[in-house]
Protein chains: 2
Amino acid sequence: MIGRLNHVAIAVPDLDAAAAQYATTLGAKVGAPQDEPDHGVTVIFIELPNTKIELLYPLGEDSPIKGFLDKNPSGGIHHLCYEVDDILAARDRLKDQGARVLGTGEPKIGAHGKPVLFLHPKDFNGCLIELEQV
Amino acid sequence: MIGRLNHVAIAVPDLDAAAAQYATTLGAKVGAPQDEPDHGVTVIFIELPNTKIELLYPLGEDSPIKGFLDKNPSGGIHHLCYEVDDILAARDRLKDQGARVLGTGEPKIGAHGKPVLFLHPKDFNGCLIELEQV
């Protein structure tokens, strides 16, 4: 069912410093910051040859990653995003097998303009998993 | 400098259950367990179309992931592994820029039989980064 690893998201306490570090110290291809007000984050994508790293920084008062950064002030890996062909079929299969889908269970439109869902980390070895329909 | 994302490593409290979940619930291609006594882990690789997930479980009394699982009993994302062409050149560049290399600073042979180094998570947004020469 799951396909490619679309991205690994890393919450960072200083977006400019993290982007500069990936560009200069690690020598990667770093994109421009994009505000995603619907998701409460500003994101920068780092393009690796086979996948992307998504740097996440809180945007607005109700950012879903503010609590994560309060608990992890240095930052940390926030979630993994796997691609699926059909997000509603994926959701139904997961629910049938007892996995919990976060929120209403209805897909939202994610940072790439495509439908996404998040799965409960306690059901997946402590990892927050995003599914993105591609 | 960094190339492909070679793998994302997830420490898990029950290796058989995690492997079964990736195979059945998530429908991924799951390999056989491999003991890596030099690294104190048993690993299972999950082959995605563009990269791998490495499930990690402690092996032996001095496993380096035992402490991680004590702090994160449900499991969690343990490290990211980026590929580099020349691990000694990468190490020297990182050290010149003030990043800390863990251990002696000399590469070890990793789970794929290739030289690896680990970088200090505090220098990289709370993420433990492995570099693997390919």
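Within every chain, numbering begins at 1; the chains are lettered A, B, ... in the order of the sequence lines, protein sequences first and strands thereafter.
For B:I10, the part sitting under 4.5 Å from any heavy atom of chain A is the side chain, from C-beta outward, and nothing else. A:I2 touches chain B through backbone and side chain together, each having a heavy atom under 4.5 Å away. Looking at B:L55, neither its backbone nor its side chain comes within 4.5 Å of chain A, counting heavy atoms on both sides. Using a 4.5 Å cut-off between heavy atoms, B:Y82 contacts chain A through its side chain alone, with no backbone atom that close. Residue A:L128 does not touch chain B at all, counting heavy-atom pairs closer than 4.5 Å. A:Y22 touches chain B through its side chain: at least one heavy atom from C-beta onward sits under 4.5 Å away, while N, CA, C and O do not. In this structure, chain A has heavy atoms under 4.5 Å from both the backbone and the side chain of B:N50.
Residues B:M1 and B:L119 are members of one and the same hydrophobic cluster, defined by side-chain heavy-atom contacts under 4.5 angstrom among Ile, Leu, Val, Met, Phe, Trp and Tyr. A:F118 and A:L80 sit in two unconnected hydrophobic clusters of ILVMFWY residues. Membership requires side-chain heavy atoms under 4.5 Å apart, directly or through other members.
Summarising the geometry, atom CG belonging to A:L5 is positioned 6.0 Å from atom OG1 belonging to B:T51; distances are rounded to the nearest 0.5 Å. For the atom pair NZ of B:K71 and NZ of B:K66, the computed distance is 12.0 Å after rounding to the nearest 0.5 Å. Residue B:D16 holds its CG atom at 13.0 Å from CD of B:Q21, rounded to the nearest 0.5 Å. A:I46 contributes atom CD1, which lies 12.5 Å from atom NZ of A:K29 (distance to the nearest 0.5 angstrom).
Among A:N72, A:I129, A:I53, the residue with the largest count of heavy-atom pairs under 4.5 Å with chain B is A:I53. Across A:P73, A:A18, A:S74, the residue that shares the most heavy-atom pairs under 4.5 angstrom with chain B is A:S74. With chain A as the partner, the residue from B:G3, B:P13, B:A11, B:A17 showing the most heavy-atom pairs under 4.5 Å is B:G3. When each of B:T25, B:T24, B:L48 is checked for heavy-atom pairs under 4.5 Å with chain A, B:T25 comes out on top.
Of all residues spanning residues 86-100 of chain B, those with a heavy atom less than 4.5 Å away from chain A's heavy atoms are B:R93, B:L94, B:Q97, arranged by number.
Sorted by first and then second residue, the pairs that involve residues 40-63 of chain A and meet ring-ring contact (aromatic ring centres under 6.0 Å, His included), not counting sequence neighbours, are A:F45-A:H112.
Annotation: side chain of B:R4 is not in contact with side chain of B:V134 (no heavy-atom distance under 4.5 Å).
For the side chain to side chain contact (heavy atoms under 4.5 Å, CB included) criterion with A:L131, the lone passing option out of A:V84, A:V116, A:N6 is A:V84.
Panel note: side chain B:H78, backbone B:V12; no donor-acceptor pair is recorded below 3.5 Å. A:H7 places no side-chain N or O within 3.5 Å of a backbone atom of A:H79 that could act as its donor or acceptor partner.
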